[in-house]
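Worksheet: one structure, shown below.
Quick caveat, the model's predicted, so the values are computed rather than measured. What you see below is based on every heavy atom in this structure, not just the backbone, and it leaves out hydrogens, waters and symmetry mates.
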Amino acid sequence: MEQREGRIDRYGQTASQVKTLLLYGSDNPVDGAVLDVLIRKAVQIHKTLGITVPVPMDSTTVSEAVFKSLFDRAHDAVQLSLLDLLDEKESAVEQVHKNWDKAVEREKTSRTRFAQRSIKPVEVEQELIESDQILGNEQDVERFVLSAANRLSCSLSKKKQGWLLSTIPNFLQPALGDKPRLLTFTTPAPEGVEYVGRNHPLVEGLGRHIIENALSNSQDPIAARCGFTTTDTVTKRTTLLLLRLRHLLNSPKHQSLLAEECAVVGFTGPPSNPIWLTPEDAKSLLEQANPVGDAPLGIKQAEIEELLSKITEIESDLELFARERSHSLSQSHRRVRAITQEGQIQVKPQLPMDILGVYILQPGKIRNS
C-alpha cells in the first residue's frame with residue numbers, strides 16, 4: 001500500500017487532493033483474508049499515528065498468515081476439543097499483528113525522541129536561507145534562465161501558466177529535444193507545465209555553455225570575465241570580484257569531501273587600501289548594476305589591465321575572507337549536526353582561491369537625450 005500511494009502522493013504532485021481507491025471482491029476469500037491480515041490493521045495504525053508503519057516481517061511470514069486466514073475462513077465452525085483449548089501457540093495472523101504492534105510502539109518512541117518541537121524553527125530557517133544563498137533559490141533560477149536565454153536569442157515568452165520556450169538552442173537539444181516547452185520556476189507546477197529547478201537540464205545546459213564560452217571566447221563572449229561599466233548604481237568607483245572557493249570537509253567517520261562554492265566580494269578605493277563591502281552588498285551590485293553610459297574600448301582595457309597588475313595587493317584580504325568563510329560553514333555544520341546528533345566535521349579552506357571574474361563599476365549619470 002505504501003508503494004501504491006507513493007506513486008501519486010509525492011513531490012511534484014499538482015493536485016491539492018488525491019484520492020485512492022481499493023478494489024476487492026466481497027465474495028472473494030483471498031481478498032477477505034488480505035483485508036483481515038493486512039489492510040484493516042494498516043488503516044487502524046494510520047488513524048492512530050497519522051503515518052504508515054511498514055510490516056516488520058519478511059514476505060514469507062506474511063504470506064503464511066494470509067493463507068492461514070484464508071483456510072480458516074474456508075472451514076465451517078467446529079466444536080473445539082480439550083486439546084485445542086490447551087494449544088496456546090500463536091497463530092500466524094496473531095504473530096504478524098503482534099510484531100506489527102511492536103513496530104508501532106517503536107515508531108511512537110522514535111517520533112517522540114525526534115519530535116519537531118525539539119528543533120528551533122529560527123535555527124532551521126537560518127540554515128535554509130544560507131543554503132539558498134549558496135545554491136540559489138527559485139527567484140535566482142528564474143532570473144538566470146531568463147537572462148541567459150535572452151543573451152542567446154532564444155527568449156522565453158510569458159504565458160498565463162508559465163514561460164514558453166518555443167525554440168530550443170542546438171546545444172540544448174541533446175538533453176531537451178527540439179519541441180517547445182511550457183516552463184515554470186515555482187512549485188507546485190500547474191498540470192502540463194514543467195518545473196525548472198536549479199538541477200534541471202535547462203539550467204545545467206545554459207550554465208555549462210556560458211561558462212565554457214567565457215573561458216574560450218576572448219573576443220565576444222556571452223558573459224565576460226572582465227568588465228568596465230559606467231552605472232548610476234554606485235557613487236564611488238567599485239571593484240567586484242567573482243571568486244570560486246574550495247573547502248575540504250574532514251570527518252572522523254567518513255571520507256573527506258571537497259566542496260566548492262562561488263562568492264562575490266567587492267571594495268571601493270585602490271587595491272592598496274581597499275574598503276571592503278559586505279558580501280550581500282557586493283552580490284546585490286553585481287545583480288543590479290545597469291550601464292548608463294560607455295567609455296572608449298582603449299580606456300576600459302587600460303583600467304582592467306591596471307587592476308589585474310595590482311591584484312596581488314589584496315591576496316591577504318582574500319585569504320582572510322576564505323578562512324572566515326570556512327569558519328562560517330564549519331559553524332553551520334556544527335549547528336545542523338547538533339540537531340541531527342551526527343558527528344562533527346572540520347572545514348578547511350583550499351588556497352589560493354580562483355578569481356573567475358573582475359568587474360569595475362564607474363559612477364555615472366543617465367544622459368538626457
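Atom CZ of Arg237 has more than 12 neighbouring heavy atoms from other residues, nucleotides or ligands inside a 6.0 Å radius. Remark: Gln255 CD is loosely packed, at most 12 non-hydrogen atoms of other residues, nucleotides or ligands lying under 6.0 Å away. Around atom NZ of Lys158, more than 12 heavy atoms belonging to other residues, nucleotides or ligands sit under 6.0 Å away.
Of all the heavy atoms in Gln344 and Arg334, the pair that sits closest is OE1-CG, 3.3 Å. Contact detail for Ser256 and Asn250: the closest heavy-atom pair is OG-OD1, 2.7 Å. Here the closest non-hydrogen pair linking Cys262 and Leu242 is CB-CD1, 4.4 Å. Across all non-hydrogen atoms, the minimal contact from Pro271 to Lys310 is CB-O, 3.7 Å. The two atoms that bring Arg143 and Asp140 nearest to each other are NH2-OD1, 3.2 Å, heavy atoms only. Gln362 approaches Val234 most closely through the heavy-atom pair C-CG2, 4.3 Å.
Rounding to the nearest 0.5 angstrom, the gap separating the CD1 atom in Ile210 from the CD1 atom in Ile222 is 6.0 Å. Atoms OG1 and CZ, from Thr239 and Phe267 in turn, are 4.0 Å apart once rounded to the nearest 0.5 Å. Between Asn290 atom CG and Thr230 atom OG1 the span is 12.5 Å, to the nearest 0.5 Å. Atom CG in Leu351 sits 10.5 Å away from atom CD in Glu315 (nearest 0.5 Å). In this structure, CG on Leu182 lies 9.0 Å from NZ on Lys159, to the nearest 0.5 angstrom. One distance of note links CG of Leu164 with OG of Ser157; it measures 4.0 Å at 0.5 Å rounding.
Cluster annotation: Val203 is connected to Leu152 through the hydrophobic network of ILVMFWY side chains, with a link wherever side-chain heavy atoms come within less than 4.5 Å. When the side chains of ILVMFWY residues are joined at heavy-atom separations under 4.5 Å, either directly or via intervening members, Leu285 and Val358 end up in two distinct hydrophobic clusters. Note on Leu241: it does not cluster hydrophobically with Leu320, by side-chain heavy-atom contacts below 4.5 Å among ILVMFWY residues. Put simply, Leu307 and Leu240 are part of two different groups of oily side chains (I, L, V, M, F, W, Y) that touch within less than 4.5 Å, one to the next. In the hydrophobic clustering of ILVMFWY residues, with side-chain heavy atoms under 4.5 Å counting as a link, Leu257 and Leu245 come out apart.
Within the 4.5 Å cutoff, the side chain of Leu183 has heavy atoms near those of the Glu194 side chain. Taking 4.5 Å as the limit, every side-chain heavy atom of His209 sits out of range of all side-chain heavy atoms of Leu172. Under the 4.5 Å side-chain criterion, counting only non-hydrogen atoms from C-beta, Asp294 is not in contact with Phe228. At a threshold of 4.5 Å between non-hydrogen side-chain atoms, the residues Leu286 and Tyr359 count as touching. Two residues are said to be in side-chain contact when any heavy atoms from C-beta on lie closer than 4.5 Å; Arg181 and Leu202 fail this criterion. A 4.5 Å side-chain heavy-atom check between Pro221 and Asn213 finds at least one atom pair inside the cut-off. Considering only heavy atoms from C-beta on, Pro363 stays 4.5 Å or farther from Thr235 through its side chain.
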Check the pair Val196 / Glu142 against side chain to side chain contact (heavy atoms under 4.5 Å, CB included), numbers first and verdict last.
-> CA-CA 8 Å; Val196 176; Glu142 180 176 7; over 6 Å; no

Check the pair Leu356 / Leu243 against side chain to side chain contact (heavy atoms under 4.5 Å, CB included), numbers first and verdict last.
-> CA-CA 6 Å; Leu356 300 181; Leu243 308 174; over 6 Å; no

Hey, mind stepping through Phe185 and His200 against side chain to side chain contact (heavy atoms under 4.5 Å, CB included) and telling me if it holds?
-> CA-CA 10 Å; Phe185 302 97; His200 191 277; over 6 Å; no

Quick one: side chains of residues 275-283, donor-acceptor pairs under 3.5 Å with protein atoms, not counting sequence neighbours, listed by atom name and distance.
{"from": "Trp276", "atom 1": "NE1", "to": "Asp317", "atom 2": "OD2", "distance (Å)": "3.2"}
{"from": "Thr278", "atom 1": "OG1", "to": "Asp281", "atom 2": "N", "distance (Å)": "3.1"}
{"from": "Thr278", "atom 1": "OG1", "to": "Asp281", "atom 2": "OD2", "distance (Å)": "3.1"}
{"from": "Lys283", "atom 1": "NZ", "to": "Glu287", "atom 2": "OE2", "distance (Å)": "2.5"}

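With hydrogens and angles ignored, the 3.5 Å screen pairs a side-chain donor or acceptor of Gln173 with a backbone N or O of Ile168. With hydrogens and angles disregarded, no donor-acceptor distance shorter than 3.5 Å links the side chain of Arg246 to the backbone of Asp354. The main-chain N or O of Arg323 is never found under 3.5 Å from a side-chain atom of Ser326 such that the two would form a donor-acceptor pair.
Side-chain contact of Thr233 with Thr231: a donor-acceptor pair under 3.5 Å is present, judged by distance alone.
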